[in-house]
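Just so it is clear, the values below take in all heavy atoms, side chains as well, and ignore hydrogens, waters and symmetry mates. Throughout, numbering of the chain's residues begins at 1 and tracks the sequence.
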Amino acid sequence: MFLFIQLMLNELLIPSNHNLLLAKMKRLGFRGKILNLIKDYLADRKQFVKINDYESDLITIQFGVPQGSNLGPLLFVIMLSDLQFINLHATIIEFADDILLI
């Protein structure tokens, strides 16, 4: 069941790239300077993972929202703002960047 829901969320709800997120924000009423600020914020984002002394390669993030950022939870909520309109036959509990389906 979890795998099915995860695949459905990946396929239907989560924008496949930042341009789709920006288009959704525009439909929600974001315009002008704030939309351009978010666009610049998402452009050419780099990320790596560090665990103890190991560091992964630096990669450009083209999907999702930046992890560990102040804007990350807000952008994630915007990405999934239409989740409530999909009939999942489940109770949806959302808090910041966490979603629970019961």
Side-chain angles (χ1 to χ4, degrees):
M1 180 70 171
F2 174 77
L3 180 58
F4 169 75
I5 292 171
Q6 184 64 42
L7 290 173
M8 184 178 65
L9 288 173
N10 287 342
E11 193 65 30
L12 298 177
L13 301 173
I14 298 176
S16 60
N17 64 44
H18 293 149
N19 290 330
L20 293 175
L21 173 61
L22 293 167
K24 185 171 190 177
M25 291 179 74
K26 193 171 184 179
R27 285 193 311 272
L28 290 170
F30 289 82
R31 299 276 189 277
K33 290 182 181 180
I34 189 67
L35 189 63
N36 288 333
L37 179 71
I38 299 295
K39 182 178 179 181
D40 289 344
Y41 174 75
L42 293 172
D44 293 321
R45 296 287 298 193
K46 308 258 190 250
Q47 185 170 309
F48 72 96
V49 175
K50 181 176 181 178
I51 301 174
N52 296 326
D53 292 333
Y54 174 79
E55 290 184 7
S56 69
D57 293 333
L58 190 65
I59 60 169
T60 301
I61 304 300
Q62 299 173 344
F63 304 93
V65 297
Q67 298 292 310
S69 66
N70 290 332
L71 286 176
L74 173 65
L75 296 176
F76 184 77
V77 168
I78 290 170
M79 285 172 51
L80 296 180
S81 62
D82 53 1
L83 180 63
Q84 61 187 333
F85 301 112
I86 296 176
N87 190 2
L88 296 175
H89 302 290
T91 300
I92 302 167
I93 300 172
E94 297 179 64
F95 179 76
D97 60 351
D98 290 322
I99 294 177
L100 176 64
L101 299 175
I102 301 174

Sequence-distant partners of [X], side-chain contact (heavy atoms from CB on, under 4.5 Å), two or more places apart:
X	answer
I61	H18, R45, Q47, I59
R31	K26
L58	K46, F48

**Study point:** Qualifying residues under side chain to side chain donor-acceptor pair (under 3.5 Å), relative to S56, sequence neighbours excluded
**Key:** none
Check your understanding: Is there any side-chain hydrogen bond (donor to acceptor under 3.5 Å, both in side chains) pair reaching into residues 35-44, and which pairs are they, with sequence neighbours excluded?
Key -> Y41-S69
Exercise for review: State, to 0.1 Å, how close M79 and K24 come at their nearest heavy-atom pair, and which atoms those are.
Suggested key: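 M79 and K24 have their closest heavy atoms at O-NZ, 2.7 Å.
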Check your understanding: When rounded to the nearest 0.5 angstrom, what distance separates CG in L22 from CD1 in I38?
Key ->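 Spacing of CG (L22) from CD1 (I38) equals 8.0 Å.
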